[in-house]
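Have a look at the structure that comes next, please.
So that the names make sense, note that chain A is the first sequence line, chain B the second, and so on, each numbered from 1. The shown structure was predicted, so the numbers you read here are calculated from the model rather than taken from an experiment.
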Amino acid sequence: MDFKTDALMYILAFAVIAFVIAQSLFFMIKAWRRGKEIGIEERKMKQTVISSILFTVAPAVSILATVLALASALGIVLPWIRLSVIGNLAYETVAAENALSVLGSSLSKEITDVRQFSTVAWTMTIGSCFPLVLLPIFCKKIHRAMGKAASKSKAAGALGDILAAAAFIGIIAAFISRSVAGVPSDGPSAGVMSVATLLSSMIFTIALDNLCRKKNLKKLEPFVLPIAMFGAMGIAVLLTQVLPAEIAAYTWR
Amino acid sequence: MKENKTYFDKLHTWGSIWSVSALAVLFAIPLVFSIYHNAFPEFKVLLKALAAVIPIYWSTAIIEVLTYTPIMGAGGTYLSFVTGNITNLKLPCAMNAMERANVKGTSEEGEIISTIAIGASAITTTIVIAAGVLLFAPVLPHITAEDSVLRPAFEYVIPALFGALGASYFAKYWKISILPIAAGIIAYIFAPSIPVGTMIFVTIVVSLLGAFAMFKLKWVK
């Protein structure tokens, strides 16, 4: 049997999944109880769960696509494990490719040597473990500093709120500007399609937000983002079909 | 206030325990594999592979911990860094949930909503990937294949996601949004392949400085 997909690998994968689900449930239950204690409506928390699940499906499918892309070289189980714990769509591909190139191989070739496979597994693990070393040391300190800054900025008026919004906007701006002018390592370059998808999802969101406000549709609110996202993905499929190929494929980077 | 403090203190204790356990689980995978097959990597080769990976990954890790920790709250941070896919999934998910629930990231309500959102997202991702691997592995390559009709939907998932997320924020805070977007676009014009993790650092700094200046100039309230 292929060592990449033998029983041992599946047992390891299930252990990782059990760990990730246990940790998520642990923190969710603690947060839920605390939420009830401080008077957050249960309806609000339930809506958060539902909208987060809907929100996650599409990106999760693209993560799954990465698992499958790595599977030809590494078998299906190692990429599955790596992308279920710490793993990141873009990083894992790069880590595997780097390790393989040192071994004189590449992601397009299947690994058949058990020691090569072990080298790749160790490289991906050591490469990605660092945040888990940093967090126990720094997370509390960062939060304490944040707490102090927040209480100071309360005294200074609305500045704290504006800076919090500005930090959010800074993150979004990086991705928006990449869709307009960048060359991502994990997707197509900026061009007609990336901008069309970006604009469609913005238009959908604004239209749905207005609809919720005008018709007072409180129940629709948590679904605005997932609907807009799927709508824009639908537009991307539609435009690829109806636009002349040279326009749809046009990228300026 | 005292009770509030204990909840956060407990969160950090739980978080540290889970992080260390996650490290153990993470290293158990190559370790068990290597012992079982008696196939440890050659030290020299491993070192060479790591030399190519560690400088980028570990410096990104430092930037990520510094950037995301204040935004996602304590519970959300501990969960996200174990389950991964932060920029493309956990962070936008938490931001959306807090925006929709009308709570601020720095408040305790924000902390709770963010943790619940990230937990739900982590479980969903794990289930989708597991189900995909076990049930749909034979079919899925056709759906995401180069010539599949649905391929563009998955290729453009990032602009679809951040466009939707951005629209609500930009409508609300358009004045402070212009500067970081412009800075990002200009930076990408000159260096189109900058990793987005690095760019986030640049656009956050520009955004914070811009917002601070506008507040001082009384352009925004």
Is it the case that the ring center of B:W18 lies less than 6.0 angstrom away from the ring center of A:F19? yes
Looking at B:A164, is its backbone amide N or carbonyl O close enough to the side chain of A:S201 to form a donor-acceptor pair, meaning the two atoms are under 3.5 Å apart? yes
Which atoms of A:Q241 come close to chain B, meaning under 4.5 Å heavy atom to heavy atom: side chain ones, backbone ones, both, or neither? side chain
Between B:T83 and B:A122, which heavy-atom pair has the shortest distance, and what is it? CG2-CB, 3.7 Å
Interchain contact, B:M98 with chain A, by part (heavy-atom threshold 4.5 Å): side chain
Where is the tightest heavy-atom contact between A:V77 and A:M9, given as atom of each residue plus distance? CG1-O, 3.3 Å
Which atoms of A:L12 come close to chain B, meaning under 4.5 Å heavy atom to heavy atom: side chain ones, backbone ones, both, or neither? side chain
Option that, when pairs with chain B are counted at under 4.5 Å, heavy atom only, ranks first among A:V49, A:I162, A:L25: A:I162
Chain A: which of B:A39, B:S193, B:G15, B:P159 shares the most heavy-atom pairs with it under 4.5 Å? B:P159
Taking every heavy-atom pair that is under 4.5 Å apart, which of A:V20, A:V114, A:L135, A:I176 has the most such pairs with chain B? A:L135
Considering only heavy atoms, which portion of B:F201 lies under 4.5 Å from any heavy atom of chain A: side chain, backbone, both, or neither? neither
Could you pull out every donor-acceptor pair under 3.5 Å between side chains of residues 20-31 of chain B and any protein atom, sequence neighbours left out?
residue : atom : partner : partner atom : Å
B:S21   : OG   : B:I17   : O            : 2.6

Do B:S114 side-chain atoms and B:A94 backbone N/O form a donor-acceptor pair below 3.5 Å? no
Cut-off 4.5 Å, heavy atoms of chain A, and the answer for B:L165 is both
For chain B, which of A:L239, A:V183, A:L134 has the most heavy-atom pairs under 4.5 Å? A:V183
Side chains of B:F8 and B:E108 in contact at under 4.5 Å (non-hydrogen atoms): yes
Counting only heavy atoms closer than 4.5 Å, note whether A:A22 contacts chain B via side chain, backbone, both or neither. both
With a 4.5 angstrom heavy-atom cut-off, could you sort out which part of A:F204 is near chain B: side chain, backbone, both or neither? neither
Using non-hydrogen atoms and a 4.5 Å limit, figure out which bit of A:I126 sits close to chain B: side chain, backbone, both or neither. both
When only pairs under 4.5 Å are counted, which of B:G166, B:A101, B:G75 shares the most heavy-atom pairs with chain A? B:A101
With a 4.5 angstrom heavy-atom cut-off, is it the side chain or the backbone of A:V180 that approaches chain B, or both, or neither? side chain
Do B:E111 and A:R34 meet the salt-bridge criterion of a basic N to acidic O distance under 4.0 Å? no
Report yes if the side chains of B:E99 and B:K172 come closer than 4.5 Å at any heavy-atom pair, otherwise no. yes
Run the side-chain hydrogen bond (donor to acceptor under 3.5 Å, both in side chains) test against A:W122 and tell me which residues pass, sequence neighbours left out. B:S34
For chain B, find which of A:V133, A:V67, A:I29, A:T197 contributes the most heavy-atom pairs closer than 4.5 angstrom. A:T197
When A:M202, A:H143, A:M229 are compared by non-hydrogen pairs under 4.5 Å with chain B, the top option: A:H143
Between CD1 of B:I116 and OG of A:S52, what distance do you get to the nearest 0.5 Å? 9.0 Å
If I measure from the heavy atoms of chain B, does A:T240 come under 4.5 Å with its side chain, its backbone, both, or neither? side chain
Best-contacting candidate, B:L11, B:L91, B:I204, against chain A by heavy atom pairs under 4.5 angstrom: B:I204
Measure distances from B:I62 to the heavy atoms of chain A and classify the residue's part below 4.5 Å as side chain, backbone, both or neither. both
Which portion of A:I86 sits near chain B, non-hydrogen atoms under 4.5 angstrom: both
Cut-off 4.5 Å, heavy atoms of chain B, and the answer for A:I38 is side chain
Any side-chain heavy-atom pair of B:N85 and A:P59 under 4.5 Å: no
Contact winner vs chain B - A:S118, A:S51, A:G35, A:S194, heavy-atom pairs under 4.5 Å: A:S118
Side chain from CB out, backbone as N, CA, C, O: work out which of these in A:T56 comes under 4.5 Å of a heavy atom of chain B, or both, or neither. both
Region of A:I40 that comes under 4.5 Å of a non-hydrogen atom in chain B: side chain
Counting heavy-atom pairs under 4.5 angstrom with chain A, the leader among B:A191, B:A183, B:G73 is B:G73
Can you tell which part of B:Y36 gets under 4.5 Å to a heavy atom of chain A, answering side chain, backbone, both or neither? side chain
Of all of B:T125, B:I123, B:T115, B:L89, which one pairs up most often with chain A through heavy atoms under 4.5 Å apart? B:L89
Engaged part of A:L103 at the chain B interface, taking heavy atoms whose separation is under 4.5 Å: side chain
Between A:F168 and B:Y173, is the ring centroid distance below 6.0 Å? no
Heavy-atom distance under 4.5 Å to chain A: side chain of B:A130, backbone, both or neither? both
Taking all non-hydrogen atoms of both residues, which atom of B:P180 and which atom of A:I169 are closest, and how far apart? CG-CG2, 3.9 Å
Can you list the steps and then say if B:R100 with B:S168 is a side-chain contact (heavy atoms from CB on, under 4.5 Å)? CA-CA 10 Å; B:R100 296 285 155 198; B:S168 320; 3.4 Å; yes
Go through the steps to decide whether A:W80 and A:I17 satisfy the test side-chain contact (heavy atoms from CB on, under 4.5 Å), and finish with yes or no. CA-CA 10 Å; A:W80 173 23; A:I17 286 169; 3.2 Å; yes
With a 4.5 angstrom heavy-atom cut-off, which part of A:F26 approaches chain B: side chain, backbone, both or neither? side chain
Over 60° means perpendicular and under 30° means parallel, so tell me whether A:F175 and B:F162 are parallel, tilted or perpendicular. parallel
Heavy-atom proximity to chain A below 4.5 Å, by part of B:K48: both
Are A:I171 and B:I71 side-chain neighbours, meaning at least one heavy-atom pair lies under 4.5 Å? yes
